Amino acid sequence: MKEKSKKLSTESYKGVRDFYPEDMFVENYIFNIMQDTAESFGYNEYTASLLEPTALYEAKTGDEIVNEQTYTFTDRGGRSVTLRPEMTPTIARMVAARKHNLSFPLRWYSIPNVFRYERPQRGRLREHWQLNADIFGVNGIDAEVEIVSLAYHIMKNFGAKGENFEIRLSYAGMLQEFLIDEFGLNDTDVRALVRVIDKVGKITEADFTKEVSAILGDEGSAQLEILTSNKDELKQKLQKHKGFAYCKDVAEQLTNMGITDTTVSLEPFLTRGFDYYTGLIFEVFDTSEENNRSLFGGGRYDNLLDIFEAEGVPAVGFGMGDVTMRDYLETHNLLPEYETPTDLYICTLAKDKIPFARTLAERLRREGLNVAINVTDKKVGTQIQYAVKQSIPFIICLGDDELKKKVFMLKKLSTGEEKEVAEDDLVSLIFNSVT
Ligand code: HAM
């Protein structure tokens, strides 16, 4: 006999989200601002499948992500497949494939979902969406200035105040070189130390000190602590690095173009978790105490296309996650209030009015209105309550009179205002609101 089946949990898979309409509303709001701002800078949209051959990430994505954070499986044909943990290798692959037919500079953006097997926590999930904006084919500083200013303008278009975020700049390899000079480390140790430094803010201070001591010894660890607390001395020591002047130039150009309401500063201990960055790197931080964390970041990666035998295509870009942005908007009270896309709900005083409601709705939809109609036996009061609960802004109720005269009492639910309207005027009145 078949065993009685166990009921399934309604919970979603760990670390991923369901988007109910209210969540989808916020998500679309975030995507629209990202998209509109990227397009205002001349960026064109692309996308790709979330499945990629695993080899794509093995070359340059970075050990932590490849070994510990990818969702990888073998398909039925024996191929190793990975759910993309980021979009950069995909865009590099796409650009490399058509390198000879594309016109550079190339400005592309996408808002893909990406998957990382991380411990779910505030700001970190196993699936998130990420705006990627990248410019290909520009060697000089103008590419960085454009990309960082695009990041800045997205923040502003979200309504962020300049004092509530800051832009931190650094340069790939600068920290590593400095650590080698200062502590005489070998390659393996310097990589390990940078990985520990990348964990600042994510692990306790005691664990941080322990991990640093394991690499530098107690004395070295104390020396590093002094340096981290004395940024001026540190900057003095970094001045000889080419990255120092580069960061300064980028900051200066941003100021010259009027980005003066937010701090743009050199952050020597800024690291990025990927091996492909070759020049300027940057991150945007929330400055509030409740959410003092990195929001998003990126940088220059001039050699990533080399893995496809398509050398010589410099690139700069960034990835901006929806989870960190949502937290930011929430922290700073910048989330929009939910609005349903439905403009009008047609209530019916009796079931025999439904065919008319349907015909009227069809006509109004053709004229651009979003219309839902009652299809239940419920009393008209209950139908109105339903419309209120759905935050539908307008209702009309159909009875014998309305059907005969083709004149309706249009009600605005938020204010209770009512106005008699002929069928032909419904659309324009709703569009212009009832006043
Ligand atoms: P990333 O810093 O790894 O860079 O990710 C970019 C952003 O995606 C993060 O700053 C954060 O907003 C968000 N993010 C990353 N991981 C998670 C997670 N587990 N949960 C929620 N949000 C997350 C990159 O991915 C680079 N490929 C960006 C890039 C584009 N560089 C050049 N072009």
Side-chain angles (χ1 to χ4, degrees), residues 14-17 27 30 34 38 43 46 48 50 52 56-57 59-66 68-71 82-95 106-136 138 143-144 146-148 150-151 154-155 158 165 167-168 170 172 195 198 201-202 270-286 291 293-305 313-329:
K14 187 173 176 182
V16 310
R17 291 161 293 169
E27 201 67 1
I30 292 175
M34 290 172 166
Y43 285 64
Y46 70 97
L50 51 85
E52 286 283 9
L56 184 63
Y57 305 104
K60 291 204 172 182
T61 286
D63 295 344
E64 188 184 8
I65 291 197
V66 173
E68 295 163 27
Q69 296 184 351
T70 47
Y71 282 88
T82 294
L83 298 188
R84 59 183 170 215
E86 57 154 340
M87 198 62 169
T88 313
T90 299
I91 193 179
R93 181 176 61 66
M94 290 169 68
V95 173
L106 196 79
R107 293 178 169 96
W108 282 6
Y109 79 91
S110 187
I111 310 180
N113 53 345
V114 302
F115 301 83
R116 295 184 192 177
Y117 192 80
E118 295 200 58
R119 189 170 62 77
Q121 55 192 293
R122 183 172 165 84
R124 297 256 138 203
L125 295 176
R126 290 186 172 173
E127 181 191 28
H128 72 278
W129 274 255
Q130 200 189 69
L131 166 72
N132 277 252
D134 293 87
I135 180 164
F136 285 82
V138 183
E144 281 94 338
E146 176 168 313
I147 281 290
V148 179
L150 169 57
I154 296 175
M155 290 302 292
F158 274 122
F165 67 95
I167 302 170
R168 301 186 188 162
S170 192
R195 271 190 70 173
D198 195 24
K202 297 176 200 153
L270 182 73
T271 58
R272 305 267 311 136
F274 299 102
D275 294 344
Y276 49 67
Y277 291 111
T278 55
L280 184 104
I281 50 177
F282 75 97
E283 282 194 354
V284 175
F285 278 74
D286 188 340
N291 193 45
R293 57 174 305 144
S294 163
L295 298 170
F296 62 96
R300 177 176 281 281
Y301 53 104
D302 286 347
N303 304 329
L304 187 55
L305 269 69
V313 186
V316 186
F318 66 87
M320 177 188 222
D322 64 335
V323 181
T324 43
M325 269 329 292
R326 198 183 194 287
D327 287 347
Y328 181 87
L329 297 178

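Predicted model only: the values in this text are computed from it and were never measured. Computed over heavy atoms, backbone and side chain alike; hydrogens, waters and symmetry mates excluded. First listed ligand is number 1; within each ligand, the first listed atom is number 1.
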Checklist outcome for this item: Residue set satisfying side chain to side chain contact (heavy atoms under 4.5 Å, CB included) with R195, at least two apart, ordered chain then number -> E64, E68

Item to check | For V138, all residues meeting side chain to side chain contact (heavy atoms under 4.5 Å, CB included), sequence neighbours excluded | outcome: P105, I135, A143

Checklist outcome for this item: Here the side chain to side chain donor-acceptor pair (under 3.5 Å) pairs for residues 294-305, sequence neighbours left out, are D134-Y301, E144-R300, E283-S294, R300-D302

When you check ligand 1 against the protein, what N or O pairs turn up below 3.5 Å? List the atom names and distances, or just say none.
unit_1: ligand 1; atom_1: 2 (O); unit_2: R272; atom_2: NH1; d: 2.9
unit_1: ligand 1; atom_1: 2 (O); unit_2: R272; atom_2: NH2; d: 3.0
unit_1: ligand 1; atom_1: 3 (O); unit_2: R116; atom_2: NH1; d: 2.9
unit_1: ligand 1; atom_1: 3 (O); unit_2: R116; atom_2: NH2; d: 3.0
unit_1: ligand 1; atom_1: 4 (O); unit_2: R272; atom_2: NH2; d: 2.9
unit_1: ligand 1; atom_1: 5 (O); unit_2: Q130; atom_2: NE2; d: 3.2
unit_1: ligand 1; atom_1: 8 (O); unit_2: H128; atom_2: NE2; d: 3.4
unit_1: ligand 1; atom_1: 8 (O); unit_2: Q130; atom_2: NE2; d: 3.0
unit_1: ligand 1; atom_1: 12 (O); unit_2: L295; atom_2: O; d: 2.6
unit_1: ligand 1; atom_1: 12 (O); unit_2: G321; atom_2: N; d: 3.1
unit_1: ligand 1; atom_1: 12 (O); unit_2: T324; atom_2: OG1; d: 2.9
unit_1: ligand 1; atom_1: 14 (N); unit_2: H128; atom_2: NE2; d: 3.1
unit_1: ligand 1; atom_1: 16 (N); unit_2: R116; atom_2: NH1; d: 3.2
unit_1: ligand 1; atom_1: 16 (N); unit_2: R124; atom_2: NH1; d: 3.2
unit_1: ligand 1; atom_1: 19 (N); unit_2: E118; atom_2: OE2; d: 2.6
unit_1: ligand 1; atom_1: 19 (N); unit_2: L125; atom_2: O; d: 2.9
unit_1: ligand 1; atom_1: 20 (N); unit_2: L125; atom_2: N; d: 2.9
unit_1: ligand 1; atom_1: 25 (O); unit_2: R116; atom_2: NH2; d: 3.0
unit_1: ligand 1; atom_1: 25 (O); unit_2: Q130; atom_2: NE2; d: 3.3
unit_1: ligand 1; atom_1: 27 (N); unit_2: E86; atom_2: OE1; d: 2.6
unit_1: ligand 1; atom_1: 27 (N); unit_2: T88; atom_2: OG1; d: 2.6
unit_1: ligand 1; atom_1: 27 (N); unit_2: Y276; atom_2: OH; d: 3.0
unit_1: ligand 1; atom_1: 31 (N); unit_2: Y277; atom_2: OH; d: 2.7
unit_1: ligand 1; atom_1: 33 (N); unit_2: D134; atom_2: OD2; d: 2.8
unit_1: ligand 1; atom_1: 33 (N); unit_2: F318; atom_2: N; d: 3.4

Checklist entry - Between atom CG of L50 and atom OG1 of T90, what is the distance when rounded to the nearest 0.5 Å? => result 9.5 Å

Next on the checklist: Parallel, tilted or perpendicular, judged at 30° and 60°: which one describes the rings of F274 and Y277?
Outcome noted: perpendicular

Next on the checklist: Taking the cut-offs as 6.0 angstrom to the six-membered ring centre and 45 degrees off its axis, would you call R126 and Y117 a cation-pi pair?
Outcome noted: yes

